[in-house]
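Numbering of ligands and ligand atoms starts at 1, following listing order. As the structure is a computational prediction, the values presented were derived from the model and not from experiment. What's counted below: heavy atoms across the whole structure, side chains too, no hydrogens, waters or symmetry copies.
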Amino acid sequence: MPFPKDSLYANPLGEVGAFKFDEAVVKVFPDMIQRSVPGYAAIISAIGLLAGRFARDDSVCFDLGCSLGAASLAMRRQIVANNCRVVAVDCSEAMVEQCRKNLADSAVAGVDVVCADIRDIPIENASVVVLNFTLQFIPLADREAFLAKLYRGLLPGGILILSEKLAFDDPRQQELQTEMHHLFKKAQGYSELEISQKRSALENVLIPEAFAVHRQRLKSVGFSSVEVWFQYFNFASMIALKC
Ligand SMILES: C[S@@+](CC[C@H](N)C(=O)[O-])C[C@H]1O[C@@H](n2cnc3c(N)ncnc32)[C@H](O)[C@@H]1O
Ligand SMILES: O=C(O)C(=O)C[C@]1(C(=O)O)C=C[C@@H](O)C=C1
C-alpha cells in the first residue's frame, strides 16, 4: 500500500509554525523523508549492512531518534550476532506509538522502542549507534556532551553512523547546495510554496553544521577516525570509529 502523501505545506499557512514531529507529520513521514532527503533509502540499506558488520554478540545497537523505525528494521534484518538487542529511542510520543505498530506489523522481533529524550538515556555496551538525521535537532550547546556520553557507551571497535544535513563555509557552495536540494524536492513533486514554507518551519529547529565541525567534535570526544561514506548535495552520512 502506498504511504499517504505529504501535503502539510501545500496550502498558504499565513504564519508558519515551528516544525514538530507531531501526529500530522507522523502520518506522512515515510513519504516526507523519502522525498525530502536525497539518498535516504540508500542510507537506510547501508545502515543495515554496517550493523551486520559491526554488531557484536551480547551488545546493544542503538537507533537514536528512530522516528518510525526504518533504521532499526534495516539493522535487525542484517544482524547475525547472538544476544544483540536493538534499542530504538525517540522523544515524540506520536512517532513512538506508530513505530511500535510498524514493528509489530513487520513481524521483525527484537527491537525495544523507548520514548525518551536521547540526552537523558543511558548508552552502554553499544557496538553500533545510529543517529540518522537526529543530531541536527539537538540544541548546539548540548551536542558535544551528548556525543561524549555516546562515545563512552560504545565498546572498543564500535561504530557511530551519523547522518546530517550539512552547512558549508563557502557562501557560494552553501547557495548552490541549497538550490540543488530545492531542485531535488521540486523533482520529487513539491511546489515552491511547500519548499519555502517547510524551510521557514525548519528555521532554528534543524540546525546544520559543516562537516569540518562534525569531524572536529567527534575527534575531540575520542573517535579515532571520521569519514563521510555518502553524500548527495547537502545531505551526508558519516562513519566514526572507536579504537
Ligand atoms: C528526521 S527524524 C529521524 C529519521 C529516522 N532516524 C529515520 O531514519 O527514519 C528526527 C527524529 O528525531 C527525534 N528527536 C529529535 N530530538 C530528539 C531528542 N532530543 N530525543 C529523542 N528523539 C529526538 C524526532 O522526534 C524525530 O522523530
Ligand atoms: O531540510 C529539509 O528541507 C528537510 O525536509 C529535511 C528533513 C530532515 O533532514 O530531517 C527535515 C524534516 C523531516 O524530518 C524530513 C526531512
Side-chain angles (χ1 to χ4, degrees), residues 3 6 8-9 16 18-48 51 62-75 86-99 102-103 111 113-121 123 129-143 145-147 149-150 161-167 177-186 188 190 192 194-209 232-237:
F3 296 114
D6 167 26
L8 294 181
Y9 294 97
V16 181
F19 187 84
K20 284 198 194 79
F21 292 97
D22 57 12
E23 273 164 46
V25 166
V26 167
K27 281 197 185 116
V28 299
F29 190 72
D31 177 69
M32 171 187 275
I33 196 148
Q34 179 77 35
R35 292 199 291 132
S36 301
V37 174
Y40 174 74
I43 294 171
I44 290 292
S45 344
I47 287 171
F62 286 93
D63 178 8
L64 303 178
C66 61
S67 295
L68 300 181
S72 291
L73 272 175
M75 289 200 279
V86 172
V87 175
V89 185
D90 205 287
C91 64
S92 156
E93 282 179 21
M95 279 292 184
V96 163
E97 195 182 318
Q98 188 59 44
C99 181
N102 288 2
L103 287 166
V111 181
V113 186
V114 178
C115 189
D117 190 307
I118 58 174
R119 289 168 292 180
D120 300 335
I121 55 152
I123 299 176
V129 179
V130 171
L131 281 168
N132 203 36
F133 303 107
T134 301
L135 189 68
Q136 58 194 15
F137 293 106
I138 300 286
L140 285 173
D142 294 350
R143 292 183 189 181
F146 166 69
L147 289 170
K149 170 181 83 165
L150 186 164
I161 304 155
L162 172 63
S163 312
E164 289 275 293
K165 185 175 191 177
L166 290 183
Q177 301 279 356
T178 305
E179 181 187 341
M180 294 317 296
H181 178 223
H182 291 171
L183 286 174
F184 171 87
K185 283 189 160 186
K186 268 181 97 170
Q188 298 295 317
Y190 283 119
E192 299 275 6
E194 287 178 294
I195 294 168
S196 80
Q197 293 194 129
K198 175 94 178 281
R199 188 182 193 176
S200 308
L202 286 170
E203 200 92 29
N204 303 319
V205 174
L206 187 172
I207 302 166
E209 295 173 285
Y232 189 160
F233 300 139
N234 49 347
F235 288 80
S237 188

Original post:
Given the rule in the side-chain contact (heavy atoms from CB on, under 4.5 Å) test, do K20 and V25 qualify, once you have shown the distances and angles that lead to the verdict?
Top reply: CA-CA 8 Å; K20 284 198 194 79; V25 166; over 6 Å; no

Original post:
Identify the closest protein heavy atom to atom 9 (O) of ligand 1: which residue and atom is it, and at what distance?
Top reply: Y40 OH, 2.5 Å

Subject >> S92 side chain to F21 backbone, donor-acceptor under 3.5 Å >> reply: yes

**OP:** Give the numbers and elements of all ligand 2 atoms closer than 4.0 Å to a heavy atom of F21.
**Re:** 14 (O)

Subject >> Protein contact to atom 16 (C) of ligand 2 [nearest heavy atom, distance to 0.1 Å] >> reply: V37 CG2, 3.7 Å

**OP:** Work out which heavy atom in P30 is nearest to a heavy atom in V26; give both atom names and the distance.
**Re:** CD-O, 4.1 Å

Original post:
Distance-only, no hydrogens or angles: does the R119 side chain make a donor-acceptor pair with backbone N or O of R143 under 3.5 Å?
Top reply: no

Original post:
Are E209 and L140 side-chain neighbours, meaning at least one heavy-atom pair lies under 4.5 Å?
Top reply: yes

Original post:
Going by the atom numbers of ligand 1, which of them fall below 4.0 Å from some non-hydrogen atom of F137?
Top reply: 1 (C), 10 (C), 15 (C)

**OP:** Within a distance under 4.0 Å of any heavy atom of T134, pick out the atoms of ligand 1 and give their elements.
**Re:** 12 (O)

Original post:
Hey, is I44 touching ligand 1 through its side chain, its backbone, both or neither, going by heavy atoms under 4.0 Å?
Top reply: side chain

Subject >> Closest protein heavy atom (residue, atom, distance) for atom 9 (O) of ligand 2 >> reply: Q136 NE2, 3.1 Å

Original post:
Nearest to atom 19 (N) of ligand 1, what protein heavy atom do you find, and at what distance?
Top reply: D117 OD1, 3.1 Å

Original post:
At what distance, to the nearest 0.5 angstrom, does SG of C115 lie from CD of E97?
Top reply: 10.0 Å

Subject >> Nearest-contact summary for atom 1 (O) of ligand 2 - protein heavy atom, Å >> reply: K165 NZ, 2.6 Å

Original post:
Can you tell which part of V25 has a heavy atom less than 4.0 Å from ligand 2: side chain, backbone, both or neither?
Top reply: neither

**OP:** Using a strict cut-off of 4.0 Å, indicate which atoms of ligand 1 neighbour a heavy atom of A116.
**Re:** 20 (N), 21 (C)

Subject >> Backbone or side-chain N or O of S67 under 3.5 Å from ligand 1 N or O >> reply: yes

Original post:
Is there a side-chain contact between I44 and N132, using heavy atoms and a 4.5 Å cut-off?
Top reply: yes

Original post:
Hey, is the main chain of V96 close enough, under 3.5 Å, to the side chain of D90 for a donor-acceptor pair?
Top reply: no

Subject >> For atom 10 (C) of ligand 1, closest protein heavy-atom neighbour >> reply: F133 O, 3.5 Å

**OP:** Just go through F235, F137, F133 and tell me whose heavy atom is the nearest to atom 6 (C) of ligand 2.
**Re:** F235

Original post:
Closer than 4.0 angstrom: is that true for some heavy atom of G69 and an atom of ligand 1?
Top reply: no

**OP:** Kindly indicate whether the side chain of I207, heavy atoms from C-beta on, has any atom under 4.5 Å from the side chain of Q136.
**Re:** no

Original post:
Y40 versus S163: any side-chain heavy-atom pair under 4.5 Å?
Top reply: no

Subject >> Closest approach of any protein heavy atom to atom 27 (O) of ligand 1, naming residue and atom >> reply: D90 OD2, 2.6 Å

**OP:** Between V130 and ligand 1, find which residue part has any heavy-atom pair under 4.0 Å and reply side chain, backbone, both or neither.
**Re:** neither

Original post:
D31 side chain to D6 main-chain N or O, any donor-acceptor pair under 3.5 Å?
Top reply: yes

Original post:
Does a side-chain heavy-atom distance below 4.5 Å link F146 with L135?
Top reply: yes

**OP:** With atom 16 (N) of ligand 1 as the reference point, say which of P139, G65, C91 has the nearest heavy atom.
**Re:** C91

Original post:
Nearest to atom 8 (O) of ligand 1, what protein heavy atom do you find, and at what distance?
Top reply: N132 ND2, 2.8 Å

Original post:
Got a donor-acceptor contact below 3.5 angstrom from the K149 side chain to the I121 backbone?
Top reply: yes

Original post:
What residue and heavy atom of the protein are closest to atom 5 (O) of ligand 2, and at what distance?
Top reply: K198 NZ, 2.7 Å

**OP:** Would you check whether C66 has a nitrogen or oxygen atom less than 3.5 angstrom from a nitrogen or oxygen atom of ligand 1?
**Re:** no

Original post:
Do F3 and V28 have side chains that get closer than 4.5 Å, going by heavy atoms?
Top reply: no

**OP:** Identify the protein heavy atom lying closest to atom 20 (N) of ligand 1, giving its residue, its atom name and the separation to 0.1 Å.
**Re:** I118 N, 3.0 Å

Original post:
Quick one: does ligand 2 sit under 4.0 Å from the side chain of Y9, the backbone, both or neither, non-hydrogen atoms only?
Top reply: neither

Original post:
For R199, is the nearest heavy atom under 4.0 Å from an atom of ligand 2?
Top reply: no

Original post:
Got the closest protein heavy atom to atom 3 (O) of ligand 2, with its distance?
Top reply: K185 NZ, 2.6 Å

Subject >> Per-atom contacts, ligand 2 versus H181 - under 4.0 Å to a heavy atom >> reply: 1 (O), 2 (C), 3 (O)

Subject >> Under 3.5 Å: donor-acceptor pair, side chain of H181, backbone of S36 >> reply: yes

